[in-house]
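In what follows, a single structure is set out as C-alpha cells and then discussed.
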Number of protein chains: 2
Amino acid sequence: MFSQVVTKADAIHKLQDQGINPTQQRIVIAQLLFSRPQHLSADQVLMSVQDSGTHVSKATVYNTLSLFAEKGLVKEVIVDPSKVFYDSNTDLHHHFYNVDTGELEDFANSNMAIEAMPELPQGTHLDGVDVIIRVRNTSA
Amino acid sequence: MFSQVVTKADAIHKLQDQGINPTQQRIVIAQLLFSRPQHLSADQVLMSVQDSGTHVSKATVYNTLSLFAEKGLVKEVIVDPSKVFYDSNTDLHHHFYNVDTGELEDFANSNMAIEAMPELPQGTHLDGVDVIIRVRNTSA
DNA sequence: GTCAGTGCAAACCCTTTGCAGAAAG
DNA sequence: CTTTCTGCAAAGGGTTTGCACTGAC
C-alpha cells in the first residue's frame, strides 16, 4: 500500500512546497505517484486512486496531473501517440520504450553522454532534452 | 508545385522499391512527401493532396502513411500528444521541437554525439534512438 | 472475375470543457 | 460568504474500423 511509503503529511509538504493547495484528491494522487518512481497514464492513476477507496473524478485526475507537471512534480513522457505517461521521477534521466509491450523504463543520465549539443534555432532557449531509446523484444 | 521536384515516375520507383503497389493515391502522397524533407501531420497531407486536385479520403491517407512508415519511407515523429508527424527525411537525424509554436526542425546527427549507450533491457534489441530537444521562444 | 485498394461514415479513445454543486477557511 | 476545487456529462479532435464499392490486372 503506497501510503506506507509516503505519508499524508509528506505528500502535503511536497504540494505546499510547490505552492499547491493540498486538497483531498491531490494528496491521494501525490501519495500514489510518489510512493515510488513510476510511469503512469492518467487512466492508471484514476483506477489506482479509486481502488484505494478514494473517490476522484476523471476531470480531477487530468487537472491534477497537469498541475503537477506544470509545477515540476512530475514529468510528461511522450512516447506513444495514444496517451501521455506521467513520470514521478524528476531526476535527469531518459527512457527505454519497449514498442512491443508499451513498457517504459528509466536509464540514468550518467549512463549516456551527449557530447556535442547543436546550436538552438534563433530566438529560442532550451526547455529540455528527451532521449528515447526504442527497443523491441528479441524473440518476437 | 511538388510534382516539379519528384516526378510521377520517381515516386512509382520509390514505392516499388519497397514492394508497395503504386496506386494513384499512394503516388500523389509520395510526390508530396518527397518533394522535400518535411514534417507533416496526416491532416496536412490530406489537405495538401486535396488542394493539388486529387481526391483522397482520410482513411486512405492514414492507411498510406502507416504503410509508408512500416516500409521505412517515412518516420513517425512523436513529440506532441495530440498528433503524429510524418518525417520524409529518413536519414539519421534528430529534432528540435518548439513547444510554443509546434514547429519541428531537424538537426543532423553529426551535430550531436552520444558518447555512451546504456545497456538495453534484457531480451530486447535496439529499434531506434530519438533525441528531442524541446525549445521555447525566448521573448515569450 | 478476383482481390487489393479506396471512400464514407460511424465508432473509438484520450483529453478537455462547461457549469453547477461541494469544500474549506 | 467567497473562492477554489471537484464532479459529471458532453464535446472535441485525431485516429481507426466496418463494409460496400471501385479499379486494375
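Computed from a prediction, not measured in an experiment: that's the story for all the values here. The figures that follow rest on heavy atoms only: side chains count, while hydrogens, waters and symmetry mates do not. Naming: A, B, ... by sequence-line order, numbering from 1 per chain.
Partners of B:H95 by ring-ring contact (aromatic ring centres under 6.0 Å, His included), not counting sequence neighbours, listed by chain and number: B:H39, B:H93. Shown here are the side-chain contact (heavy atoms from CB on, under 4.5 Å) partners of A:E105, two or more places apart in sequence or in another chain: A:F96, B:P121. Scored by the side-chain contact (heavy atoms from CB on, under 4.5 Å) test, A:T90 finds no partners at all (sequence neighbours excluded). Taking the side-chain contact (heavy atoms from CB on, under 4.5 Å) definition, one finds that A:A108 meets it with A:S110, A:N111, sequence neighbours left out. Not counting sequence neighbours, A:D43 has no partner by the side-chain hydrogen bond (donor to acceptor under 3.5 Å, both in side chains) test.
Taking atom CG of residue A:L67 and atom P of nucleotide D:dT4, one finds them 14 Å apart after rounding to whole Å. Rounded to an integer number of Å, the gap from B:R26 CZ to D:dG23 P is 16 Å. Atom CG of A:L46 and atom C1' of D:dG7 are 12 Å apart (whole Å).
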Under 3.5 Å, which protein N or O atoms sit close to an N or O of nucleotides 13-18 of chain D? Give each pair with its distance.
residue : atom : partner : partner atom : Å
D:dG14  : O3'  : B:S82   : O            : 3.4
D:dT15  : OP1  : B:V84   : N            : 2.9
D:dT15  : OP2  : B:Y62   : OH           : 2.6
D:dT15  : O5'  : B:Y62   : OH           : 3.4

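When DNA chain C is scanned in the 5' to 3' direction for atoms under 4.0 Å from non-hydrogen atoms of chain A, the outermost contacting nucleotides are C:dC14 to C:dT17.
A side-chain donor from one of B:Y97 and B:D80 sits under 3.5 Å from a side-chain acceptor of the other.
Counting Ile, Leu, Val, Met, Phe, Trp and Tyr side chains that sit under 4.5 Å apart, directly or through other members, A:I78 shares a hydrophobic cluster with B:I78.
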Donor-acceptor contacts, no H, no angles, side chain residues 56-64 of chain B, under 3.5 Å, sequence neighbours left out:
residue : atom : partner : partner atom : Å
B:S57   : OG   : B:T60   : N            : 3.3
B:S57   : OG   : B:T60   : OG1          : 3.1
B:N63   : ND2  : B:A59   : O            : 3.3
B:T64   : OG1  : B:T60   : O            : 2.7

Please set out all donor-acceptor pairs under 3.5 angstrom arising from side-chain atoms of residues 69-77 of chain B, sequence neighbours excluded.
residue : atom : partner : partner atom : Å
B:K75   : NZ   : B:D130  : OD1          : 3.3

Cut-off 3.5 Å, no hydrogens considered: what does the side-chain donor-acceptor table look like for residues 13-28 of chain B, sequence neighbours left out?
residue : atom : partner : partner atom : Å
B:H13   : ND1  : B:A9    : O            : 3.2
B:T23   : OG1  : B:R26   : N            : 3.3
B:R26   : NH1  : B:N21   : O            : 3.0

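Taken residue by residue, residues 14-25 of chain B places heavy atoms nearer than 4.0 Å to DNA chain C at B:N21, B:T23, B:Q25.
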